[in-house]
Amino acid sequence: MDLASHDQVSALIRHRRSIKPVDMDAGRGVDRAVLTQVLEDATWAPNHGMTEPWKFVVHQGAARQRLADTMQHVYRETTPAGEFREDKMKKMGENPLLAPVVIACVMERRGGAKIPEIEELEAVACALQNLQLSATAAGLGCYWSSPPLLGTREFAQWLQLGAEDRCVGLIYLGWPREGLKWPRSVRQPVEAKTKWYDD
Ligand SMILES: Cc1cc2nc3c(=O)[nH]c(=O)nc-3n(C[C@H](O)[C@H](O)[C@H](O)COP(=O)(O)O)c2cc1C
């Protein structure tokens, strides 16, 4: 089987960065075939009990405007006056139009009492990392956004979620804009995060 080498996989993992919508080419769409492959890769994530607890609601074209309008409406309606920020409100209206694809990623509760909710959420997080790595391999930029309004009843109703389902994030996808300097990031040395017991 023609698998990527260990070094290639490491390089892909380390190359992935959060690319904000403002750094995407808003005018260049993403082919359905590429999107489908990225979503299929997401679904190959581990999941306890094979519940496959993910659901993807893909917004492209005019649907992005409806998403932006809804986010602004829900933010306005649900944010306490003292916490309301005009700059956040503005971004919610702009971001979905700067990226050609915005995917509302949902944990659809499927394990019943047998599988704890946290494990369904963990499985979706695994799927979203698969999604982001696959997108990165395709040359796409991606960014996981989780504004608190995703957890509101109003937004859940708009997405037509079941009572126990949760929208865990919006994944913005798009081709990096011309001339973008790929962001750099750092991580703590693994020794600072690891305990070894060897004997
Ligand atoms: C569960 C989750 C939620 C996130 N939500 C946000 C968010 O709401 N806003 C944001 O700017 N970044 C968000 N991020 C992206 C992180 O800010 C980003 O991964 C971190 O800064 C490291 O940068 P990198 O992705 O380029 O490695 C989220 C990431 C995860 C895993």
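Sequence positions, counted from 1, serve as the residue numbers for this chain. Whatever order the structure lists them in is the order used to number ligands and atoms, beginning at 1. This one's a predicted model, so the numbers in the text were calculated from it and none came from an experiment.
- In this structure, D23 and I19 approach most closely via the heavy-atom pair CB-CG2, 3.9 Å.
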List below, pair by pair, the N or O atoms of ligand 1 and of the protein that are less than 3.5 Å apart, including the distance to 0.1 Å; reply 'none' if no pair qualifies.
unit_1: ligand 1; atom_1: 5 (N); unit_2: W144; atom_2: O; d: 3.4
unit_1: ligand 1; atom_1: 5 (N); unit_2: S146; atom_2: OG; d: 2.8
unit_1: ligand 1; atom_1: 8 (O); unit_2: S146; atom_2: N; d: 2.9
unit_1: ligand 1; atom_1: 8 (O); unit_2: S146; atom_2: OG; d: 3.2
unit_1: ligand 1; atom_1: 9 (N); unit_2: Y143; atom_2: OH; d: 3.3
unit_1: ligand 1; atom_1: 11 (O); unit_2: K20; atom_2: NZ; d: 3.4
unit_1: ligand 1; atom_1: 11 (O); unit_2: Y143; atom_2: OH; d: 3.3
unit_1: ligand 1; atom_1: 14 (N); unit_2: W144; atom_2: O; d: 3.1
unit_1: ligand 1; atom_1: 19 (O); unit_2: S18; atom_2: OG; d: 3.4
unit_1: ligand 1; atom_1: 25 (O); unit_2: R16; atom_2: NH1; d: 2.8
unit_1: ligand 1; atom_1: 25 (O); unit_2: R16; atom_2: NH2; d: 3.4
unit_1: ligand 1; atom_1: 25 (O); unit_2: S18; atom_2: N; d: 3.4
unit_1: ligand 1; atom_1: 25 (O); unit_2: S18; atom_2: OG; d: 2.6
unit_1: ligand 1; atom_1: 26 (O); unit_2: R17; atom_2: NE; d: 2.9
unit_1: ligand 1; atom_1: 26 (O); unit_2: S18; atom_2: N; d: 2.8
unit_1: ligand 1; atom_1: 27 (O); unit_2: R16; atom_2: NH2; d: 3.1
unit_1: ligand 1; atom_1: 27 (O); unit_2: R17; atom_2: NE; d: 3.4
unit_1: ligand 1; atom_1: 27 (O); unit_2: R17; atom_2: NH2; d: 2.8
unit_1: ligand 1; atom_1: 27 (O); unit_2: R187; atom_2: NH2; d: 2.7

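- With no hydrogens or angles considered, no side-chain donor-acceptor pair links E154 and T78 at under 3.5 Å.
- The one candidate from M107, K55, E52 that meets the side-chain contact (heavy atoms from CB on, under 4.5 Å) condition with V124 is M107.
- For Q37, the CD atom is loosely surrounded, since the number of other residues' heavy atoms within 6.0 Å does not exceed 12.
- Judged purely by atom type and a 3.5 angstrom limit, Q72 has no side-chain atom pairing as donor or acceptor with the backbone of M92.
- When the options V58, V34, L35, V102 are evaluated for a side-chain contact (heavy atoms from CB on, under 4.5 Å) with L173, the one that passes is L35.
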